[in-house]
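Nothing here was measured: the structure is a model prediction, and the numbers come from that model. Numbers here simply count residues along the sequence, with the first being 1.
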Amino acid sequence: ALPICFPVTIYIYVDSVLCVGSTYLGRSMYSDTTMVQVFLAYDGCDSVEVVHRINVIENTALQVGPDRGFCAGTSVTLTAEGGIGWYKWYGPAELSCSECAVTTIANAEPGLYLVQSGTCEGDTQVASLILTQLHNPTITLTASDSSVVKGQSVQIQAQTAPGNTINWFNADGQICRECASLTYRPQEEKYISVVVTSPDGCESKDSILLQVTKGCSSESIEAPNFISDNHDGANDKFSFRNPMNLNIAGLEIYDRWGEKVFSSTDVNSEWDGTYLGKPLPVGVYTYMIKGSCPQSVSFLKTGSITIIR
């Protein structure tokens with residue numbers, strides 16, 4: 001009687017990574033290939049099939065680019081190209097990912113950085129680069145005056161090395177591009193910032209606060225609005241206070257018909273409510289105080305003064 005055969009096939013899978021041109025099972029490999037070997041049992045019933053799945057790759061050199069510089073306080077991204085299968089980074093600073101093709105150094109430090117990867121022969125290859133810290137540009141800000149009268153101009157000078165570019169900003173944005181100095185007329189307290197960029201692309205920043213004062217203003221002059229020439233020692237005479245010591249050119253007083261009844265260039269002068277030595281009638285009179293600021297800006301303060309008895 002013939003034997004009964006219940007065939008059984010066993011599959012075995014073999015995955016291999018080979019370099020282009022390598023020989024495998026007597027064949028030269030130039031592209032991804034699947035090869036099958038069949039082994040039969042002695043009785044021809046059972047069999048074993050070995051499936052060879054072959055990934056053919058080129059042996060690419062590992063590269064990280066040339067040595068380069070970085071600006072102080074900045075991050076640096078390192079990128080490895082080539083290599084086979086895996087990466088491992090080494091360096092003096094902490095890396096965002098030590099086993100990735102691309103890694104970032106948040107706080108870059110100068111020094112030698114290495115990366116390893118494989119080859120299609122199963123060996124290890126190494127690439128390296130040197131990071132050098134560049135110097136950020138120095139800058140000195142000077143202003144003709146850090147406290148200015150509203151509407152007056154102030155000049156700000158930025159001193160830095162030749163070849164650096166200088167750009168000026170306020171809270172609203174850029175106000176002057178590539179200017180060594182800035183003439184600014186502030187209307188309110190404001191920070192003025194400057195950004196200096198070196199030819200290497202490194203930046204330094206500085207700022208100055210411009211304070212705005214009322215400065216020379218007729219509002220600082222204080223004057224009464226009535227006099228009572230009853231010789232009781234209280235409000236008997238008209239005079240004004242000049243707490244900011246402004247330049248006073250003179251004081252003039254007019255009656256309601258526009259006739260001048262008093263004038264003086266003495267800042268300490270007083271008016272007793274008389275004209276040509278005689279008391280003036282009860283009523284409202286107008287005074288004018290003329291003067292100028294230290295910046296040669298003229299002003300005129302006017303008001304009314306009432307004579308009561």
Return yes if some donor-acceptor pair links the side-chain N/O of [X] with the main-chain N/O of [Y] below 3.5 Å, else return no.
{"X": "Thr306", "Y": "Val284", "value": "no"}
{"X": "Thr103", "Y": "Cys100", "value": "no"}
{"X": "Ser204", "Y": "Pro137", "value": "yes"}
{"X": "Thr197", "Y": "Gly201", "value": "no"}
{"X": "Ser96", "Y": "Thr104", "value": "yes"}

Atom pair [atom1]/[atom2] of [X] and [Y] - distance to nearest 0.5 Å:
{"X": "Leu134", "Y": "Ser198", "atom1": "CG", "atom2": "OG", "value": "7.0 Å"}
{"X": "Ser263", "Y": "Met288", "atom1": "OG", "atom2": "CE", "value": "12.5 Å"}
{"X": "Lys237", "Y": "Glu270", "atom1": "NZ", "atom2": "CD", "value": "5.0 Å"}
{"X": "Glu222", "Y": "Asn242", "atom1": "CD", "atom2": "CG", "value": "9.5 Å"}
{"X": "Tyr87", "Y": "Cys97", "atom1": "OH", "atom2": "SG", "value": "12.0 Å"}
{"X": "Ile289", "Y": "Ile221", "atom1": "CD1", "atom2": "CD1", "value": "5.0 Å"}

I'd like to check [X] versus [Y] (side-chain heavy atoms, cut-off strictly below 4.5 Å). Are they in contact?
{"X": "Tyr275", "Y": "Ile253", "value": "no"}
{"X": "Asp67", "Y": "Thr132", "value": "no"}
{"X": "Lys301", "Y": "Lys290", "value": "no"}
{"X": "Val261", "Y": "Tyr254", "value": "no"}
{"X": "Ile208", "Y": "Tyr191", "value": "no"}
{"X": "Thr119", "Y": "Thr124", "value": "no"}
{"X": "Val56", "Y": "Ser31", "value": "no"}
{"X": "Ile84", "Y": "Ile57", "value": "yes"}

Do you know which two heavy atoms are closest between [X] and [Y], and how far apart they sit?
{"X": "Thr183", "Y": "Ser153", "value": "CG2-CB, 4.1 Å"}
{"X": "Ser239", "Y": "Pro224", "value": "O-CD, 3.0 Å"}
{"X": "Leu18", "Y": "Ser22", "value": "CB-CB, 4.2 Å"}
{"X": "Ala93", "Y": "Ile105", "value": "CB-CG2, 3.5 Å"}
{"X": "Ser264", "Y": "Asp266", "value": "OG-N, 3.0 Å"}
{"X": "Leu62", "Y": "Val115", "value": "CD2-O, 3.3 Å"}

Checklist line | Ala72: side chain to side chain contact (heavy atoms under 4.5 Å, CB included) partners, not counting sequence neighbours | finding: Gln133, Asn136
Test item: side-chain donor near acceptor, [X] and [Y], under 3.5 Å:
{"X": "Ser47", "Y": "Thr9", "answer": "yes"}
{"X": "Asp272", "Y": "Thr274", "answer": "yes"}
{"X": "Thr60", "Y": "Glu58", "answer": "no"}

Only pairs at least two apart or in different chains count here, so list each salt bridge (charged side-chain N to carboxylate O under 4.0 Å, His left out) that has a residue in [range].
{"range": "residues 190-211", "value": "Glu188-Lys190"}
{"range": "residues 77-106", "value": "Lys88-Glu99"}
{"range": "residues 12-32", "value": "Asp15-Arg53"}

List in chain and number order the residues that pass ring pair (Phe, Tyr, Trp, His ring centres under 6.0 Å) with [X], two or more places apart in sequence or in another chain; answer none if no residue qualifies.
{"X": "Phe238", "value": "Tyr287"}
{"X": "Phe70", "value": "none"}
{"X": "Tyr24", "value": "His52"}

Check for me, please, whether [X] and [Y] land in the same ILVMFWY cluster - side-chain distances under 4.5 Å, paths through other members count.
{"X": "Leu182", "Y": "Leu141", "answer": "yes"}
{"X": "Phe169", "Y": "Ile139", "answer": "no"}
{"X": "Leu300", "Y": "Phe240", "answer": "no"}
{"X": "Ile308", "Y": "Trp271", "answer": "no"}
{"X": "Val282", "Y": "Leu276", "answer": "no"}

Next item on the list: May I have all residue pairs that pass side-chain hydrogen bond (donor to acceptor under 3.5 Å, both in side chains) and include part of residues 106-117, sequence neighbours excluded?
Entry: none
Next item on the list: Provide the full list of side-chain hydrogen bond (donor to acceptor under 3.5 Å, both in side chains) pairs with a residue in residues 154-176, sequence neighbours left out, each pair given once.
Entry: Thr160-Asn164, Asn167-Gln174, Asn170-Tyr184
Margin query: Please determine whether side chain to side chain contact (heavy atoms under 4.5 Å, CB included) holds for the pair Phe262 and Leu251, giving the CA-CA distance in whole Å, both sets of side-chain angles, and the decisive distance to 0.1 Å.
Written below: CA-CA 8 Å; Phe262 178 81; Leu251 166 66; 3.8 Å; yes
Margin query: Between Ile156 and Ile192, is the side chain to side chain contact (heavy atoms under 4.5 Å, CB included) condition met? List the steps.
Written below: CA-CA 9 Å; Ile156 311 173; Ile192 302 298; 4.0 Å; yes
Next item on the list: Give the other cluster members for Tyr11, using side-chain heavy-atom distances under 4.5 Å between Ile, Leu, Val, Met, Phe, Trp and Tyr residues; answer none if it is isolated.
Entry: Tyr13, Val36, Val38, Leu40, Val51
Next item on the list: Output every pair passing disulfide (SG to SG under 2.5 Å) with a member in residues 218-283, not counting sequence neighbours, ordered by first then second residue.
Entry: none
Margin query: Once disulfide (SG to SG under 2.5 Å) is applied, what residue pairs with a partner in residues 110-141 remain, sequence neighbours excluded?
Written below: Cys19-Cys120
Checklist line | Working for side chain to side chain contact (heavy atoms under 4.5 Å, CB included), residues Ile227 and Ile305 | finding: CA-CA 7 Å; Ile227 60 173; Ile305 175 74; 3.9 Å; yes
Item checked: Verdict with supporting geometry, Ile54 and Thr34, side chain to side chain contact (heavy atoms under 4.5 Å, CB included) -> CA-CA 6 Å; Ile54 304 165; Thr34 300; over 6 Å; no
Check: Would you say Arg68 has more than 12 foreign heavy atoms packed within less than 6.0 Å of its CZ?
Finding: yes
